[in-house]
Amino acid sequence: MSDKTAITPTRAQDFPEWYQQVIKAADMAENSETRGCMVIKPWGYGIWELIQQQLDRKFKATGHQNAYFPLLIPLSYLEKEAEHAEGFATECAVVTHHRLELVKDPVTGKSKMIPTGELAEPYVIRPTSETIIGAAFSRWVQSYRDLPLLINQWANVMRWEMRPRLFLRTAEFLWQEGHTAHETQDEAITETRLMHGVYEEFLKNHLAIPVIPGEKTENERFPGAEMTLTVESMVQDRKAIQAGTSHYLGQNFSEAQDISFTGRDGSKQFVHTTSWGVSTRLIGTLIMAHADDDGLVLPPRVATQQIVIIPVTPKEDTRQAVLDACQALAETLRREKNYHGDPLRVHVDTRDLQGGVKKWDWVKKGVPIRIEIGPRDIETRKVCVQRRDKGSNEKEFMEKEEFLQQAVDILQEIHNSLLERATAFRDANIIPCASLETFHAHWAQDNPGWLITPWSGTPGQEDELSKQHKITIRCLPLDKQAEPAEPCILTGAPTPSRAIWGRSY
RNA sequence: CGGGGUGUGGCGCAGUCUGGUAGCGCGCUUCGUUCGGGACGAAGAGGCCGCAGGUUCGAAUCCUGUCACCCCGACCA
């Protein structure tokens, strides 16, 4: 029993397959009939809603406002910024017609819908909205007094990816994209760093995922950006996932789209823009960072349900009393307790199923706390408490009053233990490397960890090493850019700069 | 876009080579036993075998075409 895992295969046996099975077992999402697109089911979408709510508060608190822009972007807009256009050209879905005609096949008699009404100018389904928001900005900005513009959009975007994977890389995905325009470079860079910091804090304190904040090299930058900041997370197969990015776009887009204003000195100037985003990929990252061989493990702040109460009803005559006690406890928790400002999310599982089935169902769904209440517990005024961050068969009996007192603290303990575990794993797998020989040997291993090296190579040299080992520079970690000078791993030239290398999703 | 593979009840598959009119496991429904636990037994529902042609007395099975999806490369939040 105890040696049986709820998920087959295990992480060690086949990590990619394990990932798919976790999603299925937790009933989070499934592949749809539409190529590369997923159906996000309530348990998965609930996580996204919580991510949205909590991030949105942070955006508002930093002065941003939400707005909404069209899904369809005139093709000509995308052509305006050359690098940007090239970066997204190979993955755009294009709308070319605006009506359908019902045509009957004269032989079979069957009807078919044929696209007609070709558009004069095709539209691209937004892969990102820099260009269409830039067009709006150019109308909105006249004077330095109109700046800064601090806008965020919650939206879906489409990138026709060749190899889709639930949550990590789907053709359509949900995200937020912040777009801001500023009078000066300093101000725009401050904004870029501010939102980078918001992401870092969110990942750590809400998703219990430790990240390395850093800057992307020129090779890895967003198409059209001057500077790309990233938060890189390590998941359990030691691969890297870029969990969020924040870009300083300089005046590239403002010059291309004429987002200009009359400055304080009366001269025409171009704004400095930024963009920043996180997507449903966060959910994939969360799964790969925390889930185990028994399924999903949810950090409490984004758990669709935080506490699930399972009534134990062995005898018909005590059944109603047990159900009443469960509902009463749930009500009290919802009414009297809150966690980081939100009422507790508590669910009573009254389904007519065997207890064991229910228990494992919620284990696989990753609910942080499971409570069981049966007739004996009512008599002793106790509850059986089980935590998802502990063994699946560990249980602790607590006085009901004591549990009420401690529920919120237990949630926070679970958050802390997930974060600690993930941090320890990451730190153990970021390996300093000073010799090229060691560097080359490292990538022959299965699931290699990250290497951190002194680096002052050129983009060309970086590209060569990357292709050779199927790795990339994940980032130049911000806190390691002024280390004592050491010889660059490739060129030998002394450099204060450090690079982190790894395989990525 | 190159290279490989698969399309059969809700899901996973067998049957295709050697044509004869559809089967297994899981799931689902009902009844019963069990149950502080992912249990068991019995009965039952559910498929024009991706689609379109063709060969044949007869096609899931052979032939032609077509569509879709999956895996391995280049691209990526």
Side-chain angles (χ1 to χ4, degrees), chain A residues 1-2 4-8 16-17 20-21 24-25 30-37 86-92 105 107-108 110 112 126-129 155-165 167-177 199 216 219-223 228 230-233 240-247 275-285 294-295 310-316 318-319 322 349 352-364 370-378 380 382-384 386 392-393 395 397 466-467 470 472 504-505:
Chain A
M1 249 272 266
S2 57
K4 188 181 157 196
T5 61
I7 303 296
T8 311
E17 182 59 23
Q20 305 278 14
Q21 292 304 325
K24 190 174 172 186
E30 61 189 18
N31 280 310
S32 75
E33 317 70 43
T34 309
R35 187 203 162 278
C37 296
E86 199 187 329
F88 286 103
T90 58
E91 46 186 306
C92 284
D105 186 310
V107 181
T108 65
K110 283 186 183 171
K112 273 190 174 182
R126 62 179 164 224
T128 178
S129 303
N156 56 340
V157 288
M158 178 156 273
R159 299 180 188 178
W160 210 256
E161 300 292 351
M162 292 293 103
R163 319 233 291 95
R165 207 118 120 61
F167 289 117
L168 289 176
R169 197 188 305 106
T170 46
E172 180 187 11
F173 57 93
L174 307 182
W175 78 345
Q176 60 69 215
E177 45 182 328
Y199 290 151
K216 288 288 184 187
N219 288 3
E220 301 290 324
R221 253 177 231 154
F222 177 77
T228 289
T230 176
V231 285
E232 294 288 322
S233 60
I241 299 184
Q242 178 177 308
T245 50
S246 182
H247 317 287
S275 68
W276 30 274
V278 295
S279 70
T280 37
R281 170 177 263 200
L282 284 178
I283 298 174
T285 309
D294 284 329
I310 302 174
V312 179
T313 52
K315 290 182 187 122
E316 207 45 51
T318 52
R319 182 185 171 80
V322 168
D349 185 356
D352 181 21
L353 288 175
Q354 274 195 269
V357 176
K358 285 190 196 178
K359 170 192 160 170
W360 283 102
D361 209 36
W362 295 112
V363 169
K364 288 183 281 191
R370 302 186 302 279
I371 297 292
E372 293 179 3
I373 299 178
R376 285 206 299 268
D377 307 313
I378 293 181
T380 58
K382 290 195 170 188
V383 294
C384 173
Q386 299 174 291
S392 296
N393 291 317
K395 45 177 77 170
F397 288 87
S466 296
K467 290 224 161 75
K470 294 182 180 171
T472 44
S504 74
Y505 279 100

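A, B, ... follow the sequence lines: proteins, then strands. Residue 1 opens every chain. Computed from a predicted model, the values in this text were never measured in an experiment.
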Worksheet entry | Base-pairing mate for B/rU56 - Watson-Crick or G-U, with both contacts under 3.5 Å | none
Worksheet entry | Main-chain N/O of A/V312 paired with A/R319 side-chain donor or acceptor, under 3.5 Å | no
Worksheet item: Expressed as a whole number of Å, how far does the P atom of B/rG5 sit from that of B/rG44?
Response: 42 Å
Fill in: Inter-nucleotide C1' distance (B/rG27, B/rU21), Å rounded
28 Å
Practice prompt. Would you check, one step at a time, whether the test side-chain hydrogen bond (donor to acceptor under 3.5 Å, both in side chains) holds for A/D294 with A/S392?
Written response: CA-CA 8 Å; A/D294 284 329; A/S392 296; 2.8 Å; yes
Fill in: Between B/rC62 and B/rC71 - P atom distance, rounded Å
26 Å
Worksheet entry | Mate of B/rC51 where both pairing distances stay under 3.5 Å, Watson-Crick or G-U | B/rG65
Discussion item. With the stacking rule set at 5.5 Å and 30°, tell me whether A/F173 counts as stacking on B/rA77.
Written reply: yes
Worksheet item: Contact class for A/D377 vs. all strands (heavy atom < 4.0 Å): base, sugar-phosphate, or nothing?
Response: base
Discussion item. So, taking the atom named CH2 in A/W362 and the one named CD1 in A/I310, what distance separates them when rounded to the nearest 0.5 Å?
Written reply: 8.0 Å
Item to complete: If B/rC1 has a Watson-Crick or G-U wobble mate with both distances under 3.5 Å, name it; if not, just say none.
Response: B/rG73
Fill in: Pairwise P distance for B/rC13 and B/rG53, with rounding to whole Å
29 Å
Worksheet entry | C1' gap between B/rA14 and B/rC24, integer Å | 7 Å
Worksheet item: Is there a Watson-Crick or G-U wobble partner for B/rG41 with both distances under 3.5 Å, and if so, which one is it?
Response: B/rC31
Discussion item. Measuring only the P atom in each nucleotide, how far is B/rU18 from B/rU61? A whole number of Å is fine.
Written reply: 14 Å
Worksheet item: So, A/T170 side chain and A/F167 main chain: donor-acceptor pair closer than 3.5 Å or not?
Response: no
Practice prompt. Please measure how far the P atom in B/rU6 lies from the corresponding atom in B/rC63, and state the result in whole Å.
Written response: 14 Å
